[in-house]
Amino acid sequence: MPIHTSPNYWILETRHSAYAFGLNKSNLLSHCYWGKRLPFVKDYPAPFEPSGWASTDGYDHFIPEEYPGYAGTKYTDPTLKVTFADGVRDVVLSLVDFKTGGSPQPELALRFKDSAYPLQLTLHYRIHEEYDLIERWVTLENLGTESISVERAFSAKWTFPHGNGYSLTHMYGRHIDEFNMQREILTPGLKVIESRRIIPSHRAVPWFTVEREASENHGDVFFGTLAWSGNFKITAEVTEYASTRLSIGLNDWDFAWQLKPNEPLVTPSAISGYTPNGFGDASRIFHDYVRNELLPHGKVLHKILYNSWEATLFNVDETSQANLAEIAANMGVELFVMDDGWFHNRNWDNAGLGDWFPDAKKFPNGLGGLIKRVNDLGMDFGLWVEPEMVNPDSDLYRAHPDWVIHFPTRARTEARNQLILNMARVDVQDYIITTLDKILSENNIAFIKWDMNRPASEPGWQDAPGDPRELWVRYVYGLYRVWGELRRRHPNVIWQSCASGGGRPDFGILQFADQVWVSDNTEATKRLSIQEGFSQFMPAITMEAWVTDWGKETVPLEFRFHVSMCGSLGVGGNLLEWNQAERQMGADCIELYKSIRHIIQFGDQYRLIAPQKNNYSAVQYISKDKSEGVLFVFRTLIPDPFRFPVIHLRGLDPEALYSIEGFDQPRSGLAWMEAGVRVELKNLQSKVIRITRLTQS
Ligand code: GLA
């Protein structure tokens, strides 16, 4: 059993790591250990007892609590803050009991009650043993009659081995420039990473690593994420006593929740892990976890899709789409996706959102004719929708102007000429379920790209059943209900999550979506950097990557294909303008991708040379049984003379013999990893090199 319990001490063990906590002498639940799994139960340290403290700080300020409520003399960043009906803002929790259980993953739940008020808190732990991951969330319940105002309820606080000098890596970005990695030393005080936009947003990603001098292949790394598709907050704190901690959860900015009797508040899951093997291993752990545990279709190879957006924008109709489909099919594309522009009155971005039925002028006989033509070409058909949105110029808005998020006395600020439907409202949820269910039921649709193109503003909700500031959270639970219901009714549909590119990439959305559209930036050299950032926590199978015409004047088509082949390959260029040679190159690359995609989508990924730091890069994928791999090498722009550094392959069986495409002599896996390979490239050249195991070790 990976959970060891005693009346006041708990050890959670995974395959290689362990996490321990216990009640200290004052009955505060204190973090004790996180790191390599130790041989004996008695190896784990006892809860910390401060030996002395000053009147300026107080005893409880020193305790690295698992889940500190704002109370007493705790001046560090709390995970919980509440106001009781009589105005008291101090929470004193004592353990009531705990239980273990859970299937298939073991779980531990510790139940606490406030000493004077009817507040109950349950800390939940779930162990993903084979992934070295621990999942945490909390449930808050009101056992009384008067409501309690919850002003902060994070999912977890993670405490690192005592000391300072840790570095935090997080990601920041903007539209068309997502997933930039930022590594910085944590100094005393609080570092906050957050989203206030109702989606995680391009600006920040609910993901982190914390370590001291780790590298891609070596060193202790603590890493984690929040499975949540809305406002989140990460606070990383170094106390004045050199204790380093990180909290993660729902953002408490503009947040308050009326906790009513019989209506528990359940927070999203925080999932974290420890590895002694560097950033690369941390990523691979998450890749496996996502594919095996989260994705609805994690074991299904993704089809190569064509998307019409960059070719036709809003000018879609049966003929224009069918013309593109024909060329795409000849190149070997397997799924044809019609993007924006197909629905009622949608000729530009200023009208139509909300009216999810085919435009009568563009598709007088519905979508059936186009879908049949696509299917007759041997391809599946996919469609773009943006269900959470409405244009003021739409039948839906004219009928239900009160359905949008707004304050009645304030302007309804439009972005891209659109407003946001209040997904927290059940009538809005039901409308979206009904309209999308109709489209999916009446048509042979295999794929949906679900877009979300603007953040929230003027976050009013007049008929809120509780505190109107619950909107930020209830919106996301509403979204999950809609998407979950549609998935239940149409289980074979593959969904893609898009929010103006990579605005909503998180482990919460992956319960529904198998893919993420990571950026509207499809320029290949920039894309390399975006893809490196995305790969920190998401596997290549989730990374939809189109080859488009961006940068075609300078970046060769083959290079553009190679970049997109590092994920789930798609094509988005205007095929009508591709000449015969370009279409042939497309067909060749697609054929090559079909022969290696199982390695990319299901294998282990090794980032060998990082594009965010260099004008050259290399990334390798190797099948789980180590028998076949593929190496991608890119050079962007570097003045000559330049010699590409030796590339050290990774993840090979050291004793087995491997041949590497382009090199005469087979060598041991160890040789390819230690002596490496030399690849020479000119500016804007790329190579795809296959790795084949010839003998068993
Ligand atoms: C967003 C998406 C694009 C495209 C357009 C359509 O910008 O990110 O890929 O679908 O919307 O309007």
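Note that the structure is predicted; figures quoted are calculated from it, not measured. Both ligands and their constituent atoms are indexed starting at 1 by order of listing.
Heavy atoms of Asn453 found under 4.0 angstrom from ligand 1 belong exclusively to the side chain. Contacts between Glu310 and ligand 1, counted as non-hydrogen atom pairs separated by less than 4.0 Å, are absent for every part of the residue. The proximity of Ser500 to ligand 1, defined as any non-hydrogen pair under 4.0 Å, is limited to the backbone. Under 4.0 Å from ligand 1, the heavy atoms of Asp451 that appear belong solely to its side chain.
At a 4.0 Å cut-off, at least one heavy atom of Lys449 sits close enough to ligand 1 to count as contact. Within the structure, ligand 1 lacks Arg346 among the residues with a heavy atom less than 4.0 angstrom away.
At least one side-chain heavy atom of Arg373 sits less than 4.5 Å from a side-chain heavy atom of Glu318. By the 4.5 Å heavy-atom criterion applied to side chains, Phe179 and Met538 are not counted as neighbours. Contact annotation: the side chain of Gln515 never approaches that of Thr542 to less than 4.5 Å [non-hydrogen atoms, C-beta and beyond].
Below 4.0 Å from some heavy atom of Asp340 lie the following atoms of ligand 1, by number and element: 6 (C), 12 (O). Near Gly501, the atoms of ligand 1 lying under 4.0 angstrom from a non-hydrogen atom of the residue are 8 (O). Here is the list of ligand 1 atoms found below 4.0 Å of a heavy atom in Asp520: 1 (C), 2 (C), 3 (C), 7 (O), 8 (O), 9 (O). Near Cys498, meaning under 4.0 Å from any of its heavy atoms, are these atoms of ligand 1: 2 (C), 8 (O).
Ile432 pairs in a side-chain contact (heavy atoms from CB on, under 4.5 Å) with only one of the listed residues (Leu421, Asp437, Val385), which is Leu421.
A cation-pi geometry, defined here as NZ or CZ lying under 6.0 Å from the six-membered ring centre and within 45° of its normal, holds between Arg527 and Trp517.
In this structure, Asn315 CG and Asn347 CG are separated by 8.0 Å, a value rounded to the nearest 0.5 Å.
With Asp359 contributing its side chain and Trp342 its backbone, the two residues share no donor-acceptor pair below 3.5 Å.
Between Val385, Thr522, Asp339, it is Asp339 that holds the heavy atom closest to atom 4 (C) of ligand 1.
Side-chain contact annotation: Glu532 with Ser617, donor-acceptor N/O pair under 3.5 Å absent.
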